[in-house]
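Step one of this worksheet: look at the structure below.
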Amino acid sequence: MSAATLTPSRKKDVQVAEIGKNTLILRSRTWERLKFEVEYSRQQGTTANSYLIQADKKVLIDPPGESFTEIYLQQLTQHLDINTLDYIVLGHVNPNRTATLKVLLAQAPQVKLVCSRPAANALKTVFPEWESRIQSVRSENTLDLGQGHYLSFITVPTPRWADGLCTYDPATKILYTDKFFGAHICEDTLFDEDWKRLGVERRYYFDCLHAPQAKQVEVALDKLTVLGAKSYAPAHGPVVRYSLSRFTYDYRQWCQAQKSQELSVALLYASAYGNTAILANAIAQGLIQNAVNVELINCELVDPAEITRIIEACDGFIIGSPTLGGHAPTQIQTALGIVLSTAAKTKLAGVFGSYGWSGEAIDLLESKLRDANYRLGFETIRVRFSPTPETIKQCELSGTAFAQTLKKSKKLRTPRQAVTETHVDRTEQAVGRIIGSLCVVTTRDRETHKGILTSWVSQATFNPPGIVIAITKEQNADLMRHPGDKFVLNILKEGRNVRRYFSRQSVLDDNPFANLSTQTASNGCLIVNEALAYLECTVQNQLECGDGYLLYAVVDTGEVLENHGVTALEHRKSGSHY
């Protein structure tokens, strides 16, 4: 994942502004990375957006999590007498958010919690003393606050948020979208005036949160777009006002692109405390980054017939489980039975899970699949208690390994047509005669340095000096894919076998620089001292094309390390692979 340059450190704060009639936004802001999960790894900070409507009745929408509780309540009480608050509307429920709810409900015993039925059931289970204060709603329900604020509710369940709920206020035409149409970026700008600049963050957010549940997102879009909203008020990032139609269009295009991938993986899981779900989402990211469609299946929410349909249609499957009382949850046992009776033995499989003490559920899944002669696409992932950043990265790389193995298997099973084989071979041979300078691109992920080997580089502009690099989706090159990312292009010298230390992909914990002399460039990436020359570069644009990306980068500075010698070149026999 890309490690963009962090905003200079500022203290957490709460930005308050009016966004409509009787309507305030309270943006709890952190300027640094909030959590270690994949979705926050762009390290642009984030905002936790909450909204206050003060009509005849007063409603608070989506209070933030516990990391903001104290500063949020300090700001809230400057704009609202807590004793006059009537309702708190919840777009979804999680343990982080309930920490703030506890404080609010202690100060305001008159408040009613408004949420979807699944959210209500979850709250009643954990906080039975709140039962009389919980009001569950469905899509046809409304709430009259007076002065034209006649709130309507839209249930938008997804595998990740089964309790998803959006709220629409016709008085302001604001649609409160919770997890939809957001972005993890922290800045002073409240609205999306410069929406083109937000493109990378928006797509990254979508890929992390919604790409594995594209089918359910499309259903939600059908419900939301008929409302005629003029603004989207998401849980994270700027309020969407200037690019509403474009952003909605993008969501549909991204959903279609995800569903149209050639290969599809079913990712089944259940999660008692949220840990297994975090692992599932990290594995999904590794698959998505390698152009594989993912169907995320929360086995606690899906009926057996749907699991059967997805398993029959997928090219591979991965199943994850917590261990509860020494066993897998009933829903996982049911899903495992469906897999064993439905999935062809040629389908690639994977197993992961979290546990507190013993981990028997993970062992059960692995042994059953191995006994049934399924081939596993990665080493089984066992995580005790909460995942760590290293665990998240391992899961991501396991998803990548699974995708690559799946593609190789698919290629071996797909016969080439004899009538076109000669023509294809000749074309590939001809393309392969294009040669390029052999280079090592070095990047930096916080304190970790990485390098990949490439020969797909050419000069693109003179003023400013710029280069174009082609990378494939399998190259794990996210650290150089986004505008603003920094890298060093080390141009290798003929006769020096530096390439043996590098591969075409960046691998976690693989340190190719251990046996090389290096120095640190001004942009923080490494210069290989045995190179012929180097260029320090900043990515400006990215273009997705075919099975890869074209990156345009401006050369910030550079130097020839040796005045004598020639550039190493790569000669290929085929244009269909390296």
Side-chain angles (χ1 to χ4, degrees), residues 118 156-162 164 207-222 254-271 276-277 279-322 328-353 361 364-366 368-369 372-378 381 395 398-399 402-403 405-407 409-410 413:
V156 285
T158 61
R160 189 164 180 177
W161 296 285
D207 284 345
C208 289
L209 274 65
H210 296 306
Q213 51 190 23
K215 183 173 68 173
Q216 292 84 1
V217 171
E218 286 187 316
V219 173
L221 290 177
D222 290 339
W254 296 338
C255 286
Q256 286 298 315
Q258 177 64 17
K259 289 166 52 181
S260 64
Q261 300 289 2
E262 182 181 1
L263 296 174
S264 179
V265 170
L267 210 168
L268 305 91
Y269 74 98
S271 190
T276 310
L279 303 180
N281 289 314
I283 294 171
Q285 287 313 299
L287 294 164
I288 290 166
Q289 290 166 23
N290 286 273
V292 173
N293 179 42
V294 180
E295 287 216 43
L296 200 63
I297 306 167
N298 187 336
C299 294
E300 299 173 272
L301 310 173
V302 179
D303 61 63
E306 180 69 2
I307 295 176
T308 301
R309 182 194 67 78
I310 294 173
I311 289 296
E312 288 176 342
C314 71
D315 298 286
F317 62 88
I318 302 172
I319 184 168
S321 176
T330 302
Q331 298 91 336
I332 290 294
Q333 296 183 39
T334 300
L336 177 62
I338 294 172
V339 166
L340 294 173
S341 62
T342 303
K345 298 300 183 287
T346 56
K347 294 189 177 184
L348 196 63
V351 175
F352 69 98
L364 168 71
L365 295 176
E366 182 181 22
K368 289 292 185 182
L369 293 178
N373 295 318
Y374 288 103
R375 185 164 60 104
L376 300 185
F378 54 77
I381 299 171
C395 291
S398 295
F402 193 95
T405 302
L406 195 62
K407 288 180 179 181
S409 300
K410 181 77 171 180
R413 294 197 303 268

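As a basis for the values below, the full set of heavy atoms in this structure was taken, side chains included, without hydrogen atoms, waters or symmetry mates.
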Nearest heavy atoms of Ala280 and Leu296, plus distance in Å: CB-CD1, 4.4 Å
Main-chain N/O of Val339 paired with Thr342 side-chain donor or acceptor, under 3.5 Å: no
Side-chain heavy atoms of Thr405 within contact of Phe378, under 4.5 Å: no
Check: Leu340 and Leu369 side chains under 4.5 Å, non-hydrogen atoms: yes
Inter-residue atom distance Gln256.CD - Gln258.CD, 0.5 Å rounding: 11.0 Å
Gln213 (side chain) donor-acceptor with Arg160 (main chain) under 3.5 angstrom: yes
Heavy atoms of other groups near Lys215 NZ, more than 12 under 6.0 Å: yes
Separation of Ser398 OG from Leu376 CG (nearest 0.5 Å): 11.5 Å
Test applied, side chain to side chain contact (heavy atoms under 4.5 Å, CB included); reference residue, Leu267; option that passes from Ile283, Asn281, Ile310, Ile297: Ile283
Over all atoms of both residues, closest heavy-atom pair of Leu301 and Pro159: CD1-O, 4.0 Å
Which atom of Leu279 lies closest to which atom of Cys395, heavy atoms considered: CD2-SG, 3.7 Å
Working for side-chain contact (heavy atoms from CB on, under 4.5 Å), residues Leu365 and Ile332: CA-CA 9 Å; Leu365 295 176; Ile332 290 294; 3.9 Å; yes
Close side-chain approach of Pro157 and Gln216, heavy atoms under 4.5 Å: no
Pairwise side-chain contact, Asn293 with Glu295, heavy-atom cut-off 4.5 Å (strictly under): yes
Derivation of the side-chain contact (heavy atoms from CB on, under 4.5 Å) call for Asp315 and Glu262: CA-CA 9 Å; Asp315 298 286; Glu262 182 181 1; over 6 Å; no
Nearest atoms (heavy-atom pairs only) where Ala257 meets Ser260: O-OG, 3.1 Å
Any side-chain heavy-atom pair of Ile319 and Tyr269 under 4.5 Å: no
Partners passing ring pair (Phe, Tyr, Trp, His ring centres under 6.0 Å) against Tyr374 (at least two apart in sequence or in another chain): Phe317
By side chain to side chain contact (heavy atoms under 4.5 Å, CB included) - contacts of Asp303 (at least two apart): Ala305, Glu306
Step-by-step side-chain contact (heavy atoms from CB on, under 4.5 Å) determination, Leu287 to Leu263: CA-CA 10 Å; Leu287 294 164; Leu263 296 174; over 6 Å; no
Heavy-atom side-chain proximity of Asn290 to Lys407 below 4.5 angstrom: yes
Cys314 vs Val265 side-chain heavy atoms within contact, under 4.5 Å: no
Smallest separation among heavy atoms of Ile307 and Ala335, with atom names: CD1-CB, 4.2 Å
Nearest-0.5 Å distance that lies between atom SG in Cys299 and atom CD in Gln333: 11.5 Å
Side chain to side chain, Gln261 and Val292, heavy atoms closer than 4.5 Å: no
Minimum-distance pair of heavy atoms, taken over all atoms of Cys255 and Glu218: CB-CG, 3.6 Å
